[in-house]
Amino acid sequence: MSTLTFGRAINAGLRRAMDNDPKVILMGEDIGKLGGVFRITDGLQKDFGAHRVLDTPLAEAGIMGTAVGMAYRGYRPVVEIQFDGFIYPAFDQIVCQVAKIHYRTQGAVKMPITIRVPFGGGIGSPEHHSESPEAYFTHTSGLRVISPSNPQDAYTMIQQAISSDDPVLYFEPKRRYHVKGEVDEGSDPAASSMEKARVVTEGSDVTLVTYGPLVPTARDAAVAAGDDGVSVEVIDLRSLAPIDFETVEASVRKTGRLVITHEAAQSGGLGAEIAASITERCFYHLEHAPVRVTGFDIPYPYSKLEFHHLPDLDRILDGVDRVLGRPNSLSGLER
Amino acid sequence: MSTLTFGRAINAGLRRAMDNDPKVILMGEDIGKLGGVFRITDGLQKDFGAHRVLDTPLAEAGIMGTAVGMAYRGYRPVVEIQFDGFIYPAFDQIVCQVAKIHYRTQGAVKMPITIRVPFGGGIGSPEHHSESPEAYFTHTSGLRVISPSNPQDAYTMIQQAISSDDPVLYFEPKRRYHVKGEVDEGSDPAASSMEKARVVTEGSDVTLVTYGPLVPTARDAAVAAGDDGVSVEVIDLRSLAPIDFETVEASVRKTGRLVITHEAAQSGGLGAEIAASITERCFYHLEHAPVRVTGFDIPYPYSKLEFHHLPDLDRILDGVDRVLGRPNSLSGLER
Amino acid sequence: MALKNIESVPGGPGETGSGLIQLITADGVRVPEPAYDALVADIDGAALQGLYEDMVVVRRIDSEATALQRQGELALWPPLLGQEAAQIGSGRALRSDDFVFSSYRENAVAYCRGVDLTDILRVWRGNASSGWDPYAINMATPQVIIGAQTLHATGYAMGILNDGDDAVAVTYFGDGATSQGDVNEAMVFAASFQAPVIFFCQNNHWAISEPVGLQAHVPIANRAPGFGIPSVRVDGNDVLACLAVTRQALARARSGGGPTFIEAVTYRMGPHTTADDPTRYRDANELEDWAAKDPLKRLEAHLGSLGLFDEAFTAAVKAKADAVAAELRAGCLGMAEPAPSDVFKHVYSTPNSWLDRQQDHYERYLSSFADSASSDGSS
Amino acid sequence: MALKNIESVPGGPGETGSGLIQLITADGVRVPEPAYDALVADIDGAALQGLYEDMVVVRRIDSEATALQRQGELALWPPLLGQEAAQIGSGRALRSDDFVFSSYRENAVAYCRGVDLTDILRVWRGNASSGWDPYAINMATPQVIIGAQTLHATGYAMGILNDGDDAVAVTYFGDGATSQGDVNEAMVFAASFQAPVIFFCQNNHWAISEPVGLQAHVPIANRAPGFGIPSVRVDGNDVLACLAVTRQALARARSGGGPTFIEAVTYRMGPHTTADDPTRYRDANELEDWAAKDPLKRLEAHLGSLGLFDEAFTAAVKAKADAVAAELRAGCLGMAEPAPSDVFKHVYSTPNSWLDRQQDHYERYLSSFADSASSDGSS
Ligand SMILES: Cc1ncc(C[n+]2csc(CCOP(=O)(O)OP(=O)(O)O)c2C)c(N)n1
Ligand SMILES: Cc1ncc(C[n+]2csc(CCOP(=O)(O)OP(=O)(O)O)c2C)c(N)n1
Ligand SMILES: [Mg+2]
Ligand SMILES: [Mg+2]
């Protein structure tokens, strides 16, 4: 066991994947000497060489499209998108190529590409540096989407993503890069599945589902609710596509109440899919409609206002009150 | 009143918008002499000149980005994307620019861009020609998304889109281009709102929500269900972002049962948002969980199989049976 | 000053006059071209006859497929009529371990790669998203998104470099494609990594209804040097010249010289696809002008001048073309129909819980018909 | 042959030697350049002094903003240190009805456009998504998505054409940006429509940690002619030369001659932004070499040689810079804080039922705090 920050845990996972398989190649902007703007790839170019860690020209479609070609050639490219808001120039290559080539070629060609995306807000950045674009990808058939919430998962799941023969979007909650945690660097990533959700905190009154950056916030909310006599079960999805609905369903069958929280805009966000699917799966166990506590339907705001947009402990607790029918901010509203 | 095909109705609406406002400019690939691959802009370059109907170089990001610049200069560009599957190269310009410039400039700059997208399947085409990408855009704050289902709406709504000061995605159900209908060419587009849903068929047992290409299919399903003694209320959303949930809610409060159908993949599709929102708004009126009848989570399949992917009358009726708790394909499945 | 579409530009990308590499004129005369003659010194009479046969065969594949489309056996077909020399000349220059990333119109290149004829038609019949296993013939299946494949080729070439191999990636695309960001980014990457990739642009003068002058105001071959990539403009209707310039580019790539851009100036003599009606936008005279430069005719004339175009030869070629056409037609008509649950196959390479559930539900749905009524044969 | 990043290329885009338009040498000597001298014939001593003052002021804005960032008053700042001549020379060439589309580093251009100083800082303080009304100074607010603005400028220029106007759109971007598809597509559109747009590329040798040799293997100015756009490579640290080439491009555009591409070869002397640490990737010697070519120093020397750099002048310039810095600082510190419900403003220009509902709910939420406890000041 070692104590690593979230960021260093990803670095360690990348290093191990590169050690294990010479076909693993990193590509991205500023990932070489600089080690990336978040230093996630720090030291890797020095240790593995410039032919394994490629500083690419400044063009995301180009990075993604050449990664596709490298995958055709048998490589396992790991692409870094510098910030969430810069993934869109690569959208066409992701949606029409990365996601579809396996289907297009009837299984003949594999696309084992990992796309690392530092995502989410709360770091005081200007426009395009704090977005949560995951729902675009969870709606895209052919992709897998995961997001770790702690150093151990970060370490394990990056290796699982790289060894997956399917393309994987790996969303890194950038505001948690400095969080420290215990990491078992000897653990075998193949021993677990990146698709399983995890019950973070057990509880019996309300199921609170989240992922990535809001997992710590949700855990804090559970503690606060506990102080208030409400037992909240927190689930960290880990995999966003597919979602491990069995785990969520089992919890909701127990609690009868579901709150979902994410930073992304509400309309069409992942919360909608979770609410709809869980309602389908356990309608008769629900005591209240699933409640969504999310970002608003706005472009990510400038930093002085970002904490109004981002769900926080209080807003989550308000959602918990709502699902429990306790007094809350919308009490008395004709709905 | 004149009888027009769906395609001609759009053409007539474009013509009227161009007549009324010299700032309306059409841009796209092959829209000039050819009149577009679907002939929607037929004759417009001849009548309005090559400076109003621009055949552009073959580059969707370029088209969208220059449209942004034209809008900065006070124009109202109407962009044609040749097929749904070719919108992705423009995704970055749509999501980061078209959708955000009004917010970015604190209201100083308007982006009255209309993006016309022939969408959906059922026409026997190869890959990338039959997609339903609407959920990517309904999840993008700053955009409005609409989809007409009949010639009259096509005629009215294209004019409403063009006169909107906000950017509008206008999704055209291409497999319905040849459907004929009555169009009142003298009608005032400002007299109605493009955001209102329409009850197509009244009913009391089940609410069936859809839009665009599946509206006729839903109507047929309502007739078939009626023959079977089930009264289905069909709602044509018309606006996909924002959705007129008041109209859907009113219907579901009456029927207690909701079925949603669309061609797009299920997971993260618009059906999820509708199911989640309606469950939030009228949970205690629901007799059954909302049922989704949608395309699968697959890349759009080759044409010999497309009618397995696309919801049709039988699959919708099976969904109606499911929401009613009548014998259906999933009867007896432990859910 | 006014805003308008510019359709043709003097000295622009549609012109064929100057700086075009040509080894056989439109009249079939072999003309010397010192920088390239040595590259095709091995092409003797028999080899020329072989190239001619190839061109006849692919033209026959093209017309047979067009006929199949007219007869309702194919949903669509993109003819390559007029572009035989560009595709055969370049395609025949490749080694089997080179790898091709093409668009949808390169059926003649696929033929050179040894594709099973039936495989060419699968996608156009609607029986598959694509026709063949790319690794079986080292050619990716047709790319529909204009220009996207140029990046794939560049990335593949980067992989070749990393493997220390001397294979080459070759990407085919059209004049219209050069406007796409992807194609330009591919040149940026290719130059930056000095990747062994050939950009083979068939300037067939049209992108559906848009003339090449709308995409560019100077010859397309001029574009590449600005990215640091050497380029050459070749008569795309001259099979020998196309072979020569491709061999030159391959040699450069194999020896560490990096990418090359080839513009093959040719002409799309047919419609964009069988769904297109070029009379709406194209002058009949233009077609006539180009008919005079037909790639097959000029090789006929040249072979004739060498005494190699006798009846025995033409009969053999015709027999071969007939046989290929018959095989193609039989393959088309005999193609097995897909099963409904094939829609769920190969979306992922490992099980996916969302999709598995949908498949299970759909199979239950299908079998509910089998139960309730007589089977409709779809399950 | 191996796959690797190539960092510098002989004769490549990082070299400054050949073909660079220069009117004032690094030592401050005015050298003749026949094709451009006439374009700046009106720039007398007073005008040169004006340009010098501008450069001092914008350098002072830059250092004051950097200081504000260090003091925690700004979240981030992208310094333009070293690029003053490129921005002032070009910015001062423009007419007020021209329209600028820039990236995030063109604060000196904004200064030329007459921006309110406080407005420059709004976005970097986190108080707004952008700082000013674009129509007030005919300059779009900073673009963060690399290269996106080049298409906006091109579209704006197409609008100018359609209006029959003789204004010009000018877009600024970096060396790294030239790798983006958008920038290349902008050149395609600009050439196709012969739009009156100037592509002003500041090759400051770095894109964060990536040297320009990684983006290109030949000078960036070579790129444009391949698109049919004339280009010029100018000493970006020579304010007079930058003024001259921009005037030439403007005249061409105004008279229907279409687009021009200008590569101003300069150097980013500071970090990419205040969050960057260039010592991780950049050789200190390189910085020293470029310090010798500093744009202000050379103009000082030149003015000195003309007897125009006396104490009265430098004192006046210093006073102006001090005043500007004080105004900037005061504007920064005095900026009004946004209200919570400002997050909902200007997403749409007309009411939107989804968002209105969310705003209503959030305002209820905020007021639930005001009710239940003492107000936390956030509502
Ligand atoms: C991204 C994208 N946009 C638009 C299209 C529609 N489209 C198909 S072919 C074509 C023209 C292509 O012209 P060119 O590149 O010259 O190739 P050619 O057809 O002449 O071989 C267009 C616009 C597409 N397939 N992909
Ligand atoms: C699409 C996109 N990708 C990545 C980034 C991150 N990024 C910000 S600035 C920059 C380097 C830009 O270099 P250059 O174009 O040379 O401009 P300079 O910063 O030198 O002025 C990068 C990679 C971005 N802002 N947008
Ligand atoms: Mg073409
Ligand atoms: Mg730079």
Side-chain angles (χ1 to χ4, degrees), chain B residues 25 29-37 39 42 45 49-62 70 82-83 85-86 88-89 123-129 265-267 294-309 314-315 318 327-333, chain C residues 2-5 7 75-76 104 122-130 142 144-148 174-182 207-210 214-216 272 275-277 280-281 337-344 347 352 354-355 358-362 364-369 372 378:
Chain B
I25 285 213
E29 297 160 5
D30 304 295
I31 67 171
K33 268 193 199 157
L34 184 61
V37 296
R39 311 288 184 265
D42 191 26
Q45 188 181 65
H51 65 296
R52 301 272 316 268
V53 180
L54 304 181
D55 269 331
T56 63
L58 206 181
E60 288 77 10
M70 301 267 298
Q82 198 163 82
F83 279 85
F86 309 147
Y88 307 115
I123 62 163
S125 271
E127 248 199 324
H128 312 292
H129 290 74
Q266 174 161 309
S267 296
T294 69
F296 305 122
D297 292 353
I298 59 174
Y300 196 87
Y302 40 99
S303 58
K304 284 274 173 76
L305 291 182
E306 68 181 327
F307 290 106
H308 284 283
H309 175 63
D314 284 332
R315 276 177 64 200
D318 185 55
N328 66 79
S329 67
L330 304 183
S331 295
L333 236 202
Chain C
L3 180 59
K4 61 170 184 294
N5 293 130
E7 300 218 341
L76 197 72
Y104 41 83
R122 291 189 194 284
V123 61
W124 308 110
R125 190 165 165 83
N127 279 52
S129 298
S130 68
V144 172
I145 301 295
I146 299 297
D175 45 302
T178 62
S179 293
Q180 287 283 9
D182 276 11
I208 309 186
S209 75
E210 299 192 342
L214 200 144
Q215 316 284 345
H272 171 67
D276 180 39
D277 172 13
R280 288 180 69 101
Y281 54 80
E337 292 300 291
S341 51
D342 285 354
V343 290
F344 300 104
V347 180
N352 181 290
W354 280 357
L355 195 55
Q358 290 179 10
Q359 176 166 2
D360 172 56
H361 286 193
Y362 190 59
R364 286 171 194 271
Y365 168 78
L366 287 179
S367 60
S368 74
F369 288 90
S372 63
S378 63

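All values below were derived from every heavy atom in this structure, side-chain atoms included, with hydrogens, water molecules and symmetry-related copies excluded. Given the structure is predicted, the values throughout are model-derived calculations rather than measurements.
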Legend entry - Worked verdict on C/F369 versus B/D318 for side-chain contact (heavy atoms from CB on, under 4.5 Å): CA-CA 11 Å; C/F369 288 90; B/D318 185 55; over 6 Å; no
Legend entry - B/E60/C/Q180 under side-chain contact (heavy atoms from CB on, under 4.5 Å): CA gap, chis, key distance, verdict: CA-CA 8 Å; B/E60 288 77 10; C/Q180 287 283 9; 2.9 Å; yes
Legend entry - Steps toward side-chain contact (heavy atoms from CB on, under 4.5 Å) verdict (C/H361, B/L333): CA-CA 9 Å; C/H361 286 193; B/L333 236 202; 3.5 Å; yes
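The shortest non-hydrogen separation linking C/Q358 to B/F296 is OE1-CA, 3.2 Å. Residues C/A207 and B/D30 share a closest heavy-atom pair of O-OD1, 3.4 Å. Minimum interatomic distance between B/P301 and C/V343 (heavy atoms only, all atoms of both residues): CB-CG1, 3.9 Å. Annotation for B/G85 and C/I145: closest pair O-CD1, 3.6 Å, computed over non-hydrogen atoms. The two residues B/Y302 and C/G126 make their nearest non-hydrogen contact at CD1-O, 3.2 Å.
Atom CZ of B/R39 sits about 6.5 Å away from atom CG of C/D277, to the nearest 0.5 Å. For the atom pair B/D297 CG and C/Q359 CD, the distance stands at 12.0 Å (nearest 0.5 Å). Atom CG of B/D55 is separated from atom CD1 of C/I208 by 10.5 Å, given to the nearest 0.5 angstrom. Going from atom CD1 of B/I298 over to atom CH2 of C/W354 covers 15.0 Å, rounded to the nearest 0.5 Å.
Chain C forms the most heavy-atom pairs under 4.5 Å with one residue out of B/A61, B/G124, B/S267, and that residue is B/S267. No other option in B/E29, B/E127, B/H128, B/Q266 has as many heavy-atom pairs under 4.5 Å with chain C as B/H128. Chosen from B/L58, B/L34, B/I25, B/D314, the residue pairing most often with chain C at heavy-atom distances under 4.5 Å is B/L58. For the set C/A177, C/S209, C/G181, C/A216, the entry with the most heavy-atom pairs within less than 4.5 Å of chain B is C/S209. The candidate with the highest count of non-hydrogen atom pairs below 4.5 Å against chain B, out of C/V347, C/N127, C/V123, is C/N127.
Between the side chain of C/Q215 and the main chain of B/P57, no donor-acceptor pair closer than 3.5 Å is present.
Proximity to chain B (any heavy atom under 4.5 Å) is shown, for C/D342, by both the backbone and the side chain. Proximity to chain C (any heavy atom under 4.5 Å) is shown, for B/R315, by both the backbone and the side chain. Neither the backbone nor the side chain of C/R122 comes within contact range of chain B, judged by heavy atoms closer than 4.5 Å.
In this structure, C/P340 and B/H308 have side chains that are in contact, with non-hydrogen atoms separated by less than 4.5 Å. In this structure, B/P126 and C/Y104 have side chains that are not in contact, with every pair of non-hydrogen atoms separated by 4.5 Å or more. The shortest distance between side-chain heavy atoms of C/V144 and B/H129 falls below 4.5 Å.
Salt bridge present: B/D42 and C/R280 bring a charged side-chain N and a carboxylate O closer than 4.0 Å.
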